[in-house]
Amino acid sequence: MNTDTDMWMEFAKSFGMLFAVLAFFLMALYIIRRFSGRFGTKGSVELIKVLSVHHLSPKEKLILVSVQDESVLIGVSPAGISPLARFDEVPKTSLEANETAVTGFQTLLKKNLVKGNRLHKMPAENDSAKSCADSGKGEVL
């Protein structure tokens, strides 16, 4: 028996088990972080809501937050966070309460596509001599 070979085999086994345990913990951490926000929020009430964010510079921004039927304008900078103004009324947002951002994006995309179709009419294949020069298929005759 060669003790050097046995020692390297034991080292490889120990390193392999260490790698397997670390991979398991990293995978568990990823799964917990990925799905932690999806469970437990169905019956909760949203007490704090970010209404608007305006970036002044890469590290400074203004945030309008709604808290218990009151709006607070907050300034965020590297030096800290400070309240700038308080408003008694919460301003109305442009999105309806039941309309999500995805629906808003979908309707905006549909509007732009419809507007784009009206502005850019695709030429038919037998429209004119110009269509013969450029068939619209990516090839020039």
Side-chain angles (χ1 to χ4, degrees), residues 2-141:
N2 192 353
T3 57
D4 289 337
T5 307
D6 291 340
M7 183 178 70
W8 284 109
M9 288 299 291
E10 291 298 321
F11 176 74
K13 286 180 186 177
S14 298
F15 186 73
M17 288 302 290
L18 177 65
F19 180 75
V21 169
L22 286 176
F24 173 76
F25 281 128
L26 289 175
M27 185 63 91
L29 179 65
Y30 172 76
I31 290 172
I32 289 170
R33 289 188 69 186
R34 176 97 168 118
F35 297 111
S36 65
R38 295 187 183 182
F39 304 113
T41 59
K42 297 220 178 211
S44 66
V45 177
E46 200 173 288
L47 297 176
I48 300 173
K49 186 175 182 182
V50 176
L51 300 175
S52 180
V53 177
H54 181 76
H55 294 277
L56 301 173
S57 70
K59 293 185 179 182
E60 297 173 342
K61 57 187 165 184
L62 295 173
I63 302 174
L64 184 62
V65 180
S66 169
V67 180
Q68 296 180 352
D69 299 329
E70 180 178 273
S71 295
V72 180
L73 183 64
I74 298 173
V76 179
S77 69
I81 300 171
S82 58
L84 301 176
R86 293 186 184 269
F87 306 102
D88 293 334
E89 291 183 11
V90 177
K92 303 293 181 197
T93 59
S94 62
L95 292 177
E96 297 293 328
N98 59 356
E99 184 180 8
T100 62
V102 173
T103 307
F105 176 73
Q106 288 173 348
T107 56
L108 181 66
L109 183 61
K110 284 180 185 177
K111 286 179 187 177
N112 285 336
L113 286 176
V114 169
K115 187 189 311 180
N117 286 339
R118 277 188 252 144
L119 294 176
H120 304 290
K121 181 184 171 200
M122 295 297 291
E125 291 210 18
N126 56 2
D127 261 354
S128 66
K130 185 178 179 183
S131 68
C132 291
D134 185 8
S135 65
K137 296 179 184 175
E139 57 190 47
V140 177
L141 299 174

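All values below come from the heavy atoms of this structure, side chains included, with hydrogens, waters and symmetry mates left out.
- Between atom CG of residue Leu22 and atom CE of residue Met27 there is a gap of 13.5 Å, rounded to the nearest 0.5 Å.
- Of all heavy-atom pairs spanning Lys59 and Pro78, the tightest one is O-CD, 3.4 Å.
- Expressed to the nearest 0.5 Å, how far CD1 of Ile74 lies from CD1 of Ile81 amounts to 7.0 Å.
- Shown here for Leu62 and Gly75, the closest heavy-atom pair between the two residues is CD2-CA, 4.2 Å.
- Ring geometry for Trp8 versus Phe11: interplanar angle over 60°, hence perpendicular rather than tilted (30 to 60°).
- Using a 4.5 Å cut-off on side-chain heavy atoms (C-beta onward), Leu51 and Ser71 make contact.
- With rounding to the nearest 0.5 angstrom, the CG atom of Leu26 is 11.5 Å from the CD1 atom of Ile31.
- Between Phe24 atom CZ and Leu29 atom CG the span is 11.5 Å, to the nearest 0.5 Å.
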Requested in this report: Evaluate the criterion side chain to side chain contact (heavy atoms under 4.5 Å, CB included) for residue pair Ile63 and Ser52; output intermediate values, then yes/no.
Outcome: CA-CA 6 Å; Ile63 302 174; Ser52 180; over 6 Å; no
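- Shown here are the side-chain hydrogen bond (donor to acceptor under 3.5 Å, both in side chains) partners of Thr5, two or more places apart in sequence or in another chain: Asn2.
- For the atom pair His54 NE2 and Leu64 CG, the distance stands at 12.5 Å (nearest 0.5 Å).
- Taking the side chain as every heavy atom from C-beta outward, Lys61 and Leu56 never approach each other to under 4.5 Å.
- In this structure, CD1 on Ile48 lies 8.5 Å from CD on Gln68, to the nearest 0.5 angstrom.
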